[in-house]
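The block underneath contains the structure these notes are about, expressed in structure tokens.
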Amino acid sequence: MGTVSRKLVEPHIASGEMVIKEVELDTNGFYPAVCAWRTTHKGQGLQWLIKQLQKDEIKQQLLDVK
């Protein structure tokens, strides 16, 4: 369970693959995110994730920057 930018999941919501569930959060609109991994093993999945997070387009989508 987690939260993601709505922009990333809108196509999946529209197709019915995903649904929105309301939850109560006491965060005043701030959603902290933490990524952590072992420095001794950087597999292909982690390498892919790091490359994705470095892309300006992805950064904008995650931050909902317009």
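Position 1 is the first residue of the sequence; numbering continues from there.
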Discussion item. For Q47, I'd like to know if atom CD has over 12 heavy atoms of other residues, nucleotides or ligands within 6.0 Å.
Written reply: yes
Worksheet item: Around E17, counting heavy atoms of other residues, nucleotides and ligands shown, do more than 12 lie under 6.0 Å from its CD?
Response: yes
Fill in: Atom of Q54, atom of K59 and distance for their closest heavy-atom approach
O-CE, 3.5 Å
Worksheet item: If we only count heavy atoms from C-beta on, is the I13 to I20 side-chain gap below 4.5 Å?
Response: yes
Item to complete: Measure the CD-NZ distance between Q60 and K55 for me, rounded to the nearest 0.5 Å.
Response: 13.5 Å
Practice prompt. Please answer: with hydrophobic residues joined when any side-chain heavy atoms are less than 4.5 Å apart, are V9 and V19 in the same cluster?
Written response: no
